[in-house]
*Asks:* 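Here it is: the structure, laid out below.
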Amino acid sequence: MSKILIRGAKVLGGDPQDVLIDGGTIAEVGAGLSAEGAEVVEAGGKVLLPGLVDLHTHLREPGREDSETVLTGTRAAASGGYTAVFAMANTFPVADTAGVVEQVWRLGREHGYCDVRPVGAVTVGLEGRKLAELGAMHESAAGVTVFSDDGKCVHDAVIMRRALEYVKAFDGVVAQHAQEPRLTEGAQMNEGVVSAELGLGGWPAVAEESVIARDVLLADHVGSRVHICHLSTAGSVEIVRWAKSRGIRVTAEVTPHHLLLTDESVRTYDPVYKVNPPLRTERDVRALREALADGTIDIVATDHAPHPHEDKDCEWAAAAMGMVGLETALSVVQETMVDTGLLDWAGVADRMSFAPARIGRAEGHGRPVSAGEPANLTLVDTAYRGPVDPAGFASRSRNTPYEGRELPGRVTHTWLRGKATLVDGKLT
């Protein structure tokens, strides 16, 4: 690979510097760098970040290639500045064996737009009755470290305890979809004033909070690691904050849409706003932003959930839950966290690269932008502002809640181990 000189980039939002990439490695960082024969990228004050890492992505392959494939999903990831994604296990067949996770891992290697780290199912078929082949998936070529039945909750306390005990042996983590199923039967949106006015089945905050409370206590009892997927309520924030104060090994994520949108959007009855967990109240949104800023919530994860047009272009009750998010995540975080003064760009690098890589044990990702480190990088034009146009998405699906909405920031370049996957906003 040829040398690349990124000139005048604000590394993690700091003063402009030059960054020289040689092969797959950052060779030098400093002022006034030069390199004979290097391809020069004029950053012009754009912000240079480590390649983003998404701990929670749905790539749908195998089984739902009408929604997304590993190829289209990783192209969307590269467009959004990601160099690694963790692919959730709720595929068809479910990723509950070494064979399926290796299939997903190999597809990621073949396409090359970003690294794909499969997430293994906690239970066979996501049915919550019997532990899946956790050890075999970890020992496979895919080297699975994160396990989740996301889309469903591991609601049985005994099964959850056994999973936590099992993954402790190899420093794995169980990522819990916190949703008590009995409390959410028939639920369509957040339980509150808006649900009462609209006559839609309510999804109470306690359905999430009760599972989180149980699981942090289980993790403490076992001495293992638990990760809370798509945390969405102010009460959940307080439980995680309490657990961390006790030294319990819990981490948590928030999605971009839970940082920006509220249940007021559901008044449109547009199924694009139907998501699991549901959009919450303005009070919850404020609590989530503050918790992400102070580190109670560790990371931003997209929960990128693509669906074909027919699964969203229908009445609310029949619509699938979920939103695409890989290509808009950084813009939403800039609007809600950076432009509001809650986080600087170094904080964004931590929440969207360093911390998710650390939680998922993604070697080579979430590394400092310094000499000797892998050249996994993304360049962001933070001064840009424009409307979201899903017609230009690389994802196979278009179910974004931001169509036509103006958002700040645009990823212009992404490099995976020194190889450009995105140049001037276009996939290579």
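Note that the coordinates shown come from a computational prediction; the quantities given were computed from them, not determined experimentally. Here, residue 1 is the first one in the sequence, and each next residue gets the next number. All values below come from the heavy atoms of this structure, side chains included, with hydrogens, waters and symmetry mates left out.
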*Asks:* Decide side chain to side chain donor-acceptor pair (under 3.5 Å) for Thr69 and Thr72; before the verdict, give the C-alpha distance in whole Å, the side-chain angles of both, and the deciding distance to 0.1 Å.
*Replies:* CA-CA 5 Å; Thr69 65; Thr72 60; 3.1 Å; yes
*Asks:* For a 4.5 angstrom cut-off between non-hydrogen side-chain atoms, does Ile299 reach His56?
*Replies:*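 Sidechains of His56 and Ile299: no contact.
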*Asks:* Side chain of Glu406, backbone of Gly386: donor and acceptor closer than 3.5 Å?
*Replies:*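 Side chain of Glu406 to backbone of Gly386: no pair is present.
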*Asks:* Are the side chains of Ser79 and Leu427 in contact, using a 4.5 Å heavy-atom criterion?
*Replies:*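 The answer is yes; the side chains approach within 4.5 Å.
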*Asks:* Can Asp149 and His177 be said to form a side-chain contact (heavy atoms from CB on, under 4.5 Å), step by step?
*Replies:* CA-CA 7 Å; Asp149 278 2; His177 174 117; over 6 Å; no
*Asks:* Flag the pair Glu335 and Arg385 as a salt bridge only when some basic side-chain nitrogen lies within less than 4.0 angstrom of an acidic carboxylate oxygen.
*Replies:*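 Salt bridge present between Glu335 and Arg385.
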*Asks:* Stepwise, does the salt bridge (charged side-chain N to carboxylate O under 4.0 Å, His left out) test hold for Arg162 with Asp156?
*Replies:* CA-CA 10 Å; Arg162 288 175 180 165; Asp156 187 307; over 6 Å; no
*Asks:* So, does Gln176 use its side chain to make a donor-acceptor pair with the main chain of Val226 at under 3.5 Å?
*Replies:*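 Side chain of Gln176 to backbone of Val226, a donor-acceptor pair under 3.5 Å: no, none is there.
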*Asks:* Please work out which of the three classes, parallel, tilted or perpendicular, describes the rings of Phe170 and His138, given edges at 30° and 60°.
*Replies:*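 Ring orientation of His138 relative to Phe170: parallel.
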*Asks:* Just by modelled atom types, is the Ser232 backbone N or O under 3.5 Å from a matching donor or acceptor in the Ser236 side chain?
*Replies:*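 Such a contact is absent between Ser236 side chain and Ser232 backbone.
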*Asks:* Have Thr302 and Asp54 got a donor and an acceptor in their side chains that come within less than 3.5 Å?
*Replies:*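 Side-chain D/A pair, Thr302 to Asp54: present.
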*Asks:* Whether Asp311 and Lys274 form a salt bridge (side-chain N of Lys/Arg under 4.0 Å from carboxylate O of Asp/Glu) is what I want to check.
*Replies:*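 Result for this pair is no, no salt bridge flagged.
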*Asks:* Kindly indicate whether the side chain of Leu377, heavy atoms from C-beta on, has any atom under 4.5 Å from the side chain of Ile6.
*Replies:*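 In contact.
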*Asks:* For atom CZ of Arg398, decide whether the heavy atoms of other residues, nucleotides or ligands shown that lie under 6.0 angstrom number more than 12.
*Replies:*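 Above 12, so yes.
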*Asks:* Quick one, Val41 and Trp415 - any side-chain contact, counting heavy atoms below 4.5 Å?
*Replies:*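 Yes - at least one pair of side-chain heavy atoms lies under 4.5 Å apart.
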*Asks:* Can Arg280 and Thr233 be counted as having a side-chain donor-acceptor contact under 3.5 angstrom?
*Replies:*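 The answer is no; no qualifying pair exists.
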*Asks:* Do you see a donor-acceptor pair shorter than 3.5 Å between the side chains of Glu68 and Ser395?
*Replies:*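 Side chains of Glu68 and Ser395: pair found under 3.5 Å.
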*Asks:* May I ask you to test the Arg129-Val124 pair for a side-chain heavy-atom distance under 4.5 Å?
*Replies:*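 Of all side-chain heavy-atom pairs linking Val124 with Arg129, none is under 4.5 Å.
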*Asks:* Can you establish whether the number of heavy atoms outside Glu165 located under 6.0 Å from its atom CD is more than 12?
*Replies:*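 Result for CD/Glu165: enclosed.
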*Asks:* Please answer whether the main-chain N or O of Ala293 pairs with a side-chain N or O of Arg351 as donor and acceptor at a distance below 3.5 Å.
*Replies:*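 Yes; at least one donor-acceptor contact below 3.5 Å.
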*Asks:* If you compare all heavy atoms of Ala219 against all heavy atoms of Ile248, which two are closest, and at what distance to 0.1 Å?
*Replies:*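 Of all heavy-atom pairs spanning Ala219 and Ile248, the closest is CB-CG2, 4.3 Å.
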*Asks:* With distance as the sole criterion, is a donor-acceptor pair present between the side chains of Thr412 and Asp381 under 3.5 Å?
*Replies:*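 Distance-only check fails for Thr412 and Asp381.
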*Asks:* Are a donor atom and an acceptor atom from the side chains of Thr251 and His227 found within less than 3.5 Å of each other?
*Replies:*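 Side chains of Thr251 and His227: pair found under 3.5 Å.
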*Asks:* Salt bridge check: are Arg249 and Asp171 linked by an N-O gap of less than 4.0 Å?
*Replies:*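 The answer is yes: the pair qualifies as a salt bridge.
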*Asks:* Under 4.0 Å between a Lys/Arg side-chain N and an Asp/Glu carboxylate O for Glu65 and Arg396?
*Replies:*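 Result for this pair is no, no salt bridge flagged.
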*Asks:* Might you work through the side-chain contact (heavy atoms from CB on, under 4.5 Å) test for Val380 and Leu330, ending with a clear yes or no?
*Replies:* CA-CA 9 Å; Val380 188; Leu330 193 56; 3.5 Å; yes
*Asks:* State, without any angle test, whether His58 and Asp150 hold a side-chain donor-acceptor pair at a distance under 3.5 Å.
*Replies:*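 Per modelled atom types, His58 and Asp150 side chains form a pair under 3.5 Å.
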*Asks:* So, are Glu110 and Arg106 salt-bridged, with charged N and O less than 4.0 Å apart?
*Replies:*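 Looking at Arg106 together with Glu110, the answer is no, because their closest N to O distance does not fall below 4.0 Å.
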*Asks:* Is there a side-chain contact between Phe92 and Arg60, using heavy atoms and a 4.5 Å cut-off?
*Replies:*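 No, too far: nothing below the 4.5 Å cut-off.
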*Asks:* Say whether, by atom type as modelled, one donor and one acceptor occur between the side chain of Ser265 and the main chain of Tyr273 under 3.5 angstrom.
*Replies:*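 Checking the backbone N and O of Tyr273 against the side chain of Ser265, no donor-acceptor pair under 3.5 Å is found.
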*Asks:* Would you say Arg214's side chain and His155's backbone share a donor-acceptor pair under 3.5 angstrom?
*Replies:*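 It does hold such a pair.
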*Asks:* Under 3.5 Å, is there a donor-acceptor pair between the side chain of Arg361 and the main chain of Arg358?
*Replies:*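 It does hold such a pair.
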*Asks:* Between Cys229 and Glu253, is any pair of side-chain heavy atoms under 4.5 Å apart?
*Replies:*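 When only atoms from C-beta onward are counted, Glu253 and Cys229 do touch, with a gap below 4.5 Å.
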*Asks:* Asp284 side chain to Ala234 main-chain N or O, any donor-acceptor pair under 3.5 Å?
*Replies:*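 Flag set: sc Asp284 to bb Ala234 pair under 3.5 Å.
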*Asks:* Do Ser210 and Glu180 have side-chain N/O donor and acceptor atoms under 3.5 Å apart?
*Replies:*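 Result is no, nothing qualifies.
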*Asks:* For Thr421, does its backbone N or O pair with a side-chain atom of Thr414 as donor and acceptor, under 3.5 Å?
*Replies:*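 No; judged by distance alone, with no hydrogens or angles, the pair does not exist.
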*Asks:* One pair to check against side-chain contact (heavy atoms from CB on, under 4.5 Å): Thr281 and Asp263. What are the steps and the verdict?
*Replies:* CA-CA 6 Å; Thr281 67; Asp263 58 356; 3.9 Å; yes
*Asks:* Please step through side-chain contact (heavy atoms from CB on, under 4.5 Å) for the pair Lys152 and Asn90, ending with a clear verdict.
*Replies:* CA-CA 9 Å; Lys152 295 183 178 180; Asn90 56 341; over 6 Å; no
*Asks:* So with a 6.0 Å cut-off around CZ of Arg283, is the heavy-atom count from everything else above 12?
*Replies:*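 No, CZ of Arg283 has 12 or fewer neighbouring heavy atoms, counting only those of other groups under 6.0 Å.
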